[in-house]
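Structure record follows, encoded as structure tokens.
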Amino acid sequence: MEEPTTEELVKMYKGAQDCANLVNSIVLAETLTDYLTDRLKRNVKHLENTVQSTYWTDEELAPFNAAITAGRALLPIE
């Protein structure tokens, strides 16, 4: 796979920020419905894939890792 352009990296990073914000908002929900659990699972997986990518250089990934940790704490062990 080709290395992403700077513009693509900016777009991917912004998408990951949105994903982390969604995970964090679900974590704060009073009730975790099946729908929210499914969204949480999909977004945590997306963030895990994002932070494992090798094309990041000096981008701040700590908020993504924090959202992964918080989200995983609510998900059943698979």
Side-chain angles (χ1 to χ4, degrees):
M1 180 174 161
E2 264 183 53
E3 289 292 316
T5 65
T6 300
E7 184 177 297
E8 291 169 330
L9 280 174
V10 168
K11 188 175 181 178
M12 287 187 285
Y13 191 83
K14 172 69 172 108
Q17 286 176 317
D18 293 343
C19 188
N21 289 337
L22 178 61
V23 167
N24 290 330
S25 69
I26 293 172
V27 166
L28 296 175
E30 288 184 28
T31 304
L32 198 59
T33 64
D34 289 343
Y35 173 75
L36 288 178
T37 299
D38 181 60
R39 289 191 77 190
L40 181 63
K41 187 182 297 184
R42 286 185 287 119
N43 282 276
V44 166
K45 185 64 175 164
H46 175 74
L47 285 172
E48 289 172 336
N49 291 335
T50 298
V51 299
Q52 291 174 5
S53 297
T54 59
Y55 42 73
W56 300 115
T57 54
D58 60 351
E59 292 82 9
E60 180 59 53
L61 302 179
F64 305 156
N65 285 314
I68 291 167
T69 300
R72 280 268 164 226
L74 293 179
L75 293 172
I77 298 173
E78 295 180 359

| note | Closest non-hydrogen atoms of Ala20 and Pro63, given as atom of the first, atom of the second and distance, are CB-O, 4.4 Å
| query | Which pair of heavy atoms, one from Leu74 and one from Val27, lies closest together, and at what distance? | reply | CD1-CA, 3.7 Å
| message | What verdict does the side chain to side chain contact (heavy atoms under 4.5 Å, CB included) test give for Trp56 and Val51, after you've listed the backbone C-alpha separation in whole Å, the side-chain angles of each residue and the deciding distance to 0.1 Å? | response | CA-CA 8 Å; Trp56 300 115; Val51 299; 5.8 Å; no
| Sole residue of Glu2, Glu3, Glu7 in side chain to side chain contact (heavy atoms under 4.5 Å, CB included) with Thr5 | Glu7
| Point-to-point distance, once rounded to the nearest 0.5 Å, from CD1 of Ile68 to OG1 of Thr50 | 8.0 Å
| field | Hydrophobic cluster identity match, Tyr35 and Leu40, side-chain contacts under 4.5 Å | value | yes
| message | I'd like to know if the side chain of Glu59 reaches the main chain of Thr57, judged simply by a donor and an acceptor atom lying under 3.5 Å from each other, with no hydrogens or angles considered. | response | yes
| task | Name all residues meeting the side-chain hydrogen bond (donor to acceptor under 3.5 Å, both in side chains) criterion together with Ser53; count only those two or more places apart in sequence or in a different chain, and write none if there are none. | result | Tyr55
| task | Heavy atoms only: give me the nearest Lys41-Leu75 pair and the separation to one decimal. | result | CA-CD1, 3.9 Å
| message | Please report the interatomic distance CD1(Ile26) to CG(Asn43), rounded to the nearest 0.5 Å. | response | 6.0 Å
| task | With side chain to side chain contact (heavy atoms under 4.5 Å, CB included) as the test, would you mind laying out the steps for Glu8 and Lys11 before giving the verdict? | result | CA-CA 5 Å; Glu8 291 169 330; Lys11 188 175 181 178; 5.6 Å; no
| query | Just how far is it from atom CZ of Arg42 to atom CG of Leu47, taken to the nearest 0.5 Å? | reply | 12.5 Å
| field | For Ala29 against Leu36, the heavy-atom pair lying closest together | value | CB-CD1, 4.1 Å
| When clusters are formed by joining ILVMFWY residues with side-chain heavy atoms under 4.5 Å apart, either directly or through shared neighbours, do Val10 and Met12 land in the same one? | no
| Roughly how far, to the nearest 0.5 Å, is CD of Glu48 from CG of Asn65? | 9.5 Å
| query | In Å, rounded to the nearest 0.5 Å, how long is the span from CD of Glu30 to CG of Leu32? | reply | 12.0 Å
| field | Geometric class of the Tyr13/Phe64 ring pair [parallel <30°, tilted 30-60°, perpendicular >60°] | value | tilted
| field | Check: Asp38 side chain, Asp34 main-chain N or O, donor-acceptor pair, under 3.5 Å | value | no
